[in-house]
**Q** 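Before I ask anything, here is the structure I am working with.
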Amino acid sequence: MPELPEVETVVRELRQGGPTRGASVVGRTLARVTVRWPRHIATPSARGVQQRLPGQTILGLRRRGKYLIFDLTHDVLLIHLKMSGDLTVVGPDAPPDKHAHTVFHFTDGSALRFSDTRKFGKVFVVGQAEEIVGGLGPEPLEPDFTAKQLGRMLAARHRQLKPLLLDQTFLAGLGNIYTDEALHLAGLHPLRLSDSLSAAEVRTLWQSIRRALRAGLRHNGASIDWVYRGGGYQRHFRVYGRAGRPCLRCGTPIRRMVVGQRGTHYCPTCQPLPGK
DNA sequence: AGCGTCACCCGGACGC
DNA sequence: TGCGTCCGGGTGACGC
């Protein structure tokens, strides 16, 4: 369930090298691409990817929303991990991984594996990254994303906070977990309407979104950990997945409701809904 | 415009 | 133990 902090962690480790993902991929040149699950490739096609990528070098790596963006010599490779995807750099003699549905082989014998147990992830090869990420909302952690801007965005809509914050065209990078966490930090009910917030509430929400994301970054995204990465699954969550357990701030049992087909966790005391 | 619903997947949790 | 069933998660498509 990688959200912004988890994707950012993958980007950092693939760029600089890291303990769980191997050495940097920047500078490596693609030799061939193995596609075992053609539907992994969103565009142009498995064959298209296999024809276009060989010979191109990874010049750089960045993130936009939940997308990883590999800048290549001629094209741009984008990967969306969805919930269960992960990327690792392996050597020539690495043991096989039955969930590595797409593998990018480099000329030096190493490879970048896209493992994805649930097969929801997507690979895109396009000329310009904007073709895929052009419609995304602002980056919540960018310095130019201000409380004032968020206030204008919220006021321009008439929607419940939870589904609106999950909407990647509204704001890029928040998923189900950090949205619940941010709303709890802000003391705002998930069903509050976006144009009903006071200026003070907008500012608190802005702060809370950034605080929740930065907390995730500090833990290298380990606050979430991938579902299928063994071990810990350590939780630093205040509400997510804690239904029935006491709110860490006031002790009231955390509630779970479904909003737009999404499990939504909140404290009925700290996050009151006016008029109820 | 906004909302609801479905489809896509499969490991894990749960019930028997 | 094994078997069946359901759930969840991000997103896009579709209908109202």
Side-chain angles (χ1 to χ4, degrees), chain A residues 1-8 10 35-44 46 63-69 78-87 97-102 114-124 126 129 131-137 139-140 152-183 190-196 212-213 216 221 223-233 235 237 239-244 254-266:
Chain A
M1 55 187 83
E3 302 183 23
L4 186 156
E6 290 70 39
V7 178
E8 181 67 31
V10 175
V35 180
R36 291 217 301 258
W37 176 252
R39 292 160 78 171
H40 231 192
I41 313 299
T43 184
R63 178 193 63 75
R64 177 78 171 93
K66 303 176 193 174
Y67 289 84
L68 288 104
I69 305 177
L78 297 95
I79 295 181
H80 197 307
L81 301 173
K82 293 291 178 82
M83 300 82 76
S84 59
D86 199 7
L87 289 165
D97 172 359
K98 65 172 181 169
H99 295 300
H101 304 303
T102 298
F114 183 7
S115 303
D116 185 12
T117 42
R118 293 185 189 174
K119 299 180 173 174
F120 268 44
K122 288 284 177 276
V123 174
F124 309 81
V126 291
E131 296 172 40
I132 305 299
V133 298
L136 294 177
E139 287 287 330
R152 280 195 298 268
M153 291 161 53
L154 290 167
R157 314 294 290 271
H158 183 69
R159 296 189 63 186
Q160 297 170 336
L161 288 178
K162 168 85 182 206
L164 185 57
L165 292 175
L166 282 175
D167 183 345
Q168 302 297 297
T169 68
F170 180 79
L171 194 60
L174 286 181
N176 205 37
I177 295 169
Y178 288 97
T179 300
D180 281 3
E181 294 299 310
L183 287 173
L191 298 183
R192 280 289 298 278
L193 290 171
S194 58
D195 55 356
S196 77
L213 292 174
S223 57
I224 314 308
D225 213 336
W226 277 236
V227 181
Y228 299 104
R229 183 89 49 84
Y233 200 86
R235 297 169 174 251
F237 304 143
V239 284
Y240 187 84
R242 296 193 64 245
I254 298 298
R255 284 204 196 142
R256 181 182 186 280
M257 65 196 286
V258 175
V259 182
Q261 323 296 103
R262 276 296 110 63
T264 298
H265 312 75
Y266 68 105

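Treat the numbers as computed from the prediction; the structure is a model and nothing was measured. In what follows, chains are A, B, ... by sequence order, proteins preceding strands, each numbered from 1.
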**Q** Would you name the heavy atoms of A/Asp116 and A/Ser84 that are closest together and state the gap between them?
**A** OD1-OG, 2.7 Å
**Q** Nearest whole Å is fine: how far is C/dT11 P from A/Phe170 CZ?
**A** 16 Å
**Q** Which atoms form the tightest heavy-atom contact between A/Leu174 and A/Leu165, and what is the distance?
**A** CB-O, 3.7 Å
**Q** Identify, with sequence neighbours excluded, every residue that meets side-chain hydrogen bond (donor to acceptor under 3.5 Å, both in side chains) alongside A/Ser115.
**A** A/Asp97
**Q** The criterion is ring pair (Phe, Tyr, Trp, His ring centres under 6.0 Å); which residues satisfy it with A/His80, sequence neighbours excluded?
**A** A/Tyr67
**Q** Sort me out a list of protein N/O and nucleotides 5-9 of chain B N/O pairs below 3.5 Å, or just none if empty.
**A**
unit_1 : atom_1 : unit_2  : atom_2 : d
B/dC8  : O3'    : A/Arg39 : NH2    : 3.2
B/dC9  : OP1    : A/Arg39 : NE     : 2.9
B/dC9  : OP1    : A/Arg39 : NH1    : 3.0
B/dC9  : OP1    : A/Arg39 : NH2    : 2.9
B/dC9  : OP2    : A/Arg39 : NH2    : 3.4

**Q** Can you name the side-chain hydrogen bond (donor to acceptor under 3.5 Å, both in side chains) partners of A/Thr102, sequence neighbours left out?
**A** A/His40
**Q** Distance check needed: C/dG8 C1' versus A/Leu81 CG, whole Å only.
**A** 17 Å
**Q** Looking at residues at least two apart in the chain, or sitting in another chain, which of them share a side-chain hydrogen bond (donor to acceptor under 3.5 Å, both in side chains) with A/Glu8?
**A** A/Arg63
**Q** In residues 152-167 of chain A, which residues come under 4.0 Å of DNA chain B by heavy atom?
**A** A/Arg157, A/His158, A/Arg159
**Q** Heavy atoms under 4.0 Å, any strand shown: does A/Lys122 hit a base, just sugar-phosphate, or nothing?
**A** nothing
**Q** Check A/Ser194 against A/Leu164 and note the closest heavy-atom contact, atom names and distance.
**A** CB-CD2, 3.6 Å
**Q** Applying side-chain hydrogen bond (donor to acceptor under 3.5 Å, both in side chains), name anything that partners A/Ser196, two or more places apart in sequence or on another chain.
**A** A/Arg192
**Q** How would you label the contact of A/His99 with the nucleic acid (heavy atoms, under 4.0 Å): base, sugar-phosphate, or nothing?
**A** sugar-phosphate
**Q** Could you go through residues 152-159 of chain A and list every donor-acceptor pair under 3.5 Å that involves a side-chain atom there, pairing it with any protein atom two or more places apart or in another chain?
**A**
unit_1   : atom_1 : unit_2   : atom_2 : d
A/His158 : ND1    : A/Asp195 : OD1    : 3.1
A/His158 : ND1    : A/Asp195 : OD2    : 2.8
A/Arg159 : NH1    : A/Asp167 : OD2    : 3.4

**Q** How bent is the helix from B/dG2-C/dC16 to B/dC16-C/dG2, measuring the angle between the end axes built from five pairs each, rounded to 10°?
**A** 40°
**Q** Mind checking what makes salt bridge (charged side-chain N to carboxylate O under 4.0 Å, His left out) contact with A/Lys66, not counting sequence neighbours?
**A** none
**Q** From NZ of A/Lys82 over to C1' of C/dT11, roughly how many Å is that when rounded to an integer?
**A** 5 Å
**Q** According to side-chain contact (heavy atoms from CB on, under 4.5 Å), who are the partners of A/Arg36, at least two apart in sequence or on a separate chain?
**A** A/Thr34
**Q** Give me, pair by pair, the N or O atoms of the protein and of nucleotides 14-16 of chain C that are less than 3.5 Å apart, along with how far apart they are.
**A**
none

**Q** Using whole Å, what does the distance between atom C1' of nucleotide B/dG11 and atom CG of A/Asp86 come to?
**A** 16 Å
**Q** Rounded to whole Å, how long is the line connecting atom CG of A/Leu191 with atom P of B/dG4?
**A** 10 Å
**Q** Output the rounded distance in Å from CG (A/Leu171) to C1' (C/dG10).
**A** 15 Å
**Q** Nearest 0.5 Å, what's the CZ-OG1 distance between A/Arg262 and A/Thr179?
**A** 10.0 Å
**Q** Would you mind telling me which of C/dG8, C/dT11, C/dG10 lies closest to the side-chain atoms of A/Arg256?
**A** C/dG8
**Q** If we check side chain to side chain contact (heavy atoms under 4.5 Å, CB included) with A/Pro190, which of these qualifies: A/Leu183, A/Leu161, A/Val239?
**A** A/Leu183
**Q** Would you find more than 12 non-hydrogen atoms of other residues, nucleotides or ligands less than 6.0 Å from A/Arg256 atom CZ?
**A** yes
